[in-house]
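Sequence lines set the chain letters: A, B, ... in the order given, protein chains first and strands last, and positions in each chain run from 1.
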Number of protein chains: 2
Amino acid sequence: MVLRRTDSFGYMVNHLARLFARALERRIQPYGLSPGQFPVLLALWEREGLTQAELCRIVQIEQPTMANTLNRMERDGLIRREPDPNDGRRSLIHLTARARDLEEPATAAARTVNQTAIKGLSEEEQAELRRLIGVMIVNLERDSGL
Amino acid sequence: MVLRRTDSFGYMVNHLARLFARALERRIQPYGLSPGQFPVLLALWEREGLTQAELCRIVQIEQPTMANTLNRMERDGLIRREPDPNDGRRSLIHLTARARDLEEPATAAARTVNQTAIKGLSEEEQAELRRLIGVMIVNLERDSGL
DNA sequence: GCCGCTTGCATAGCAAGCTATATTGATTGT
DNA sequence: ACAATCAATATAGCTTGCTATGCAAGCGGC
């Protein structure tokens, strides 16, 4: 059996992920945001004062990656780290006013990208797609030992 | 409308792509390969003597990314760059014996990853998934101006 | 009370992706 | 034939992801 790049799921998914990232980047760059910051912002718009470890769990990103992303967000004036009075090891991540103000335009941009991607697909097809992607995620998470 | 990270296609696809990359990496690392090299190898196992620009078109990667990947592959003894006698600007990319010998085990590893990901899905579901991902790819390619 | 484990975060170092720009060789129009 | 343009590659500099490792703060048992 030949392994054709063009119909390997791994290749297709990688390609698609890069297209998503580029499409999002184009639309949030005007707000001074970048794609990797987006899931972090989503979590913090929902609830502030999370720790780095909590953000890792929510966003499903390894801790050093999160540390670096948070550094860039701090540098860019999106978050502040406030030392946790109850635990000297942690700090609690809070949004700046600027980051709070970006919730509306930034989520609108993200919705636009999603809409663009699924243009032409029925509600049923979208649901099926979500389900099938979910199956692959679960399969690969199990494979990697959770 | 709230934007939920967990059912945004952009987020899911990004997450899935990272899982694919990690699963592949785990399996090809013993051969001294890394995931980014894989599509390049697939193209070269099929036909050697491609130029960098041709590889970019086939693999759908920007030229500077390809240049760096080829540098690492040359460093790792997977390819040689031979100057094109007909055009002083290009070089033709050839595999080393080592890279040729890796075709069997490496493609087997990639097939295993794909099989793992789609475990539990019927042939029809797989075909539908391929089709739906293809739609998103086309949609986003059009969006990004080809 | 303190010794050792666990937990939270930081740092180092690398791969792979991107945009923007420079460089050098080929081609083309006059 | 040579200037201008185009094409192929290289380089710089950034983000986002990873693993491996270090370090300091908290906690549990004795």
- Task: Apply side chain to side chain contact (heavy atoms under 4.5 Å, CB included) to Ala117(B) and list each qualifying residue two or more places apart in sequence or on a separate chain.
- Result: Met136(A), Leu140(A), Phe20(B)
- When you measure from every atom of DNA chain C, which of residues 48-63 of chain B have a heavy atom less than 4.0 Å away? Ile61(B), Glu62(B)
- Applying salt bridge (Lys or Arg N to Asp or Glu O under 4.0 Å), name anything that partners Glu103(A), two or more places apart in sequence or on another chain. none
- Task: With DNA chain D as reference, determine whether Glu25(B) or Thr69(A) sits nearer its 5' end, using the nearest nucleotide of each.
- Result: Thr69(A)
- Residues Met73(B), Asp76(B); criterion side chain to side chain contact (heavy atoms under 4.5 Å, CB included); working and verdict: CA-CA 5 Å; Met73(B) 293 176 75; Asp76(B) 297 350; 5.7 Å; no
- Query: Do you know which of Leu95(B), Ile28(B), Leu102(B) makes side chain to side chain contact (heavy atoms under 4.5 Å, CB included) with Leu41(B)?
  - Reply: Leu95(B)
- Message: Suppose we screen for salt bridge (Lys or Arg N to Asp or Glu O under 4.0 Å). Which residues come up paired with Arg131(A), at least two apart in sequence or across chains?
- Response: Glu128(A), Glu125(B)
- Message: At a heavy-atom distance below 4.0 Å, which nucleotide of DNA chain D is the first touched by chain B, and which is the last?
- Response: dA7(D) to dT19(D)
- Residue pairs involving residues 15-32 of chain A (criterion salt bridge (charged side-chain N to carboxylate O under 4.0 Å, His left out); sequence neighbours excluded): Arg22(A)-Glu62(B), Arg26(A)-Asp143(B), Arg27(A)-Asp143(B)
- salt bridge (Lys or Arg N to Asp or Glu O under 4.0 Å) against Arg98(B), all qualifying residues, sequence neighbours excluded: none
- Task: Find which nucleotide of DNA chain C each of Gly88(B) and Asn68(B) is nearest to by heavy atoms, and output the residue with the more 5' nucleotide.
- Result: Asn68(B)
- With the side chain counted from C-beta on, respond yes when Ile118(A) and Leu132(B) share a heavy-atom pair under 4.5 Å apart, and no when they do not. no
- Considering only heavy atoms of chain B and a distance under 4.0 Å, specify the first and last nucleotide of DNA chain C in 5' to 3' order that meet this criterion. dA15(C) to dA26(C)
- Starting at the 5' end of DNA chain D and moving along, which residue's nearest nucleotide shows up first, Thr65(B) or Pro39(A)? Thr65(B)
- Query: Which residues satisfy the salt bridge (Lys or Arg N to Asp or Glu O under 4.0 Å) test with Arg81(A), sequence neighbours excluded?
  - Reply: Glu74(A)
- Query: Taking side chain as C-beta onward, heavy atoms only, is Cys56(A) less than 4.5 Å from Gln63(A)?
  - Reply: yes
- Message: Going by the rule side chain to side chain contact (heavy atoms under 4.5 Å, CB included), which residues pair with Thr51(B) if we only count those two or more places apart in sequence or in a different chain?
- Response: Ala53(B), Glu54(B), Arg90(B), Leu92(B)
- Query: Can you list the residues that meet the side chain to side chain contact (heavy atoms under 4.5 Å, CB included) rule with Ala127(B), with sequence neighbours excluded?
  - Reply: none
- Note on the structure: Assert: residue with more 5' nearest nucleotide on DNA chain C, out of Asn14(A) and Leu92(A), is Leu92(A)
- With sugar-phosphate meaning primed atoms plus P, OP1 and OP2, does Pro64(B) contact a base, only sugar-phosphate, or nothing at under 4.0 Å between heavy atoms? base
- Task: Give, for atom OG of Ser91(B) and atom CD of Gln52(B), the distance between the pair rounded to the nearest 0.5 Å.
- Result: 7.0 Å
- Message: With the threshold set at under 4.0 Å for non-hydrogen atoms, list the residues of residues 70-83 of chain B touching DNA chain C in residue-number order.
- Response: Arg72(B), Arg75(B)
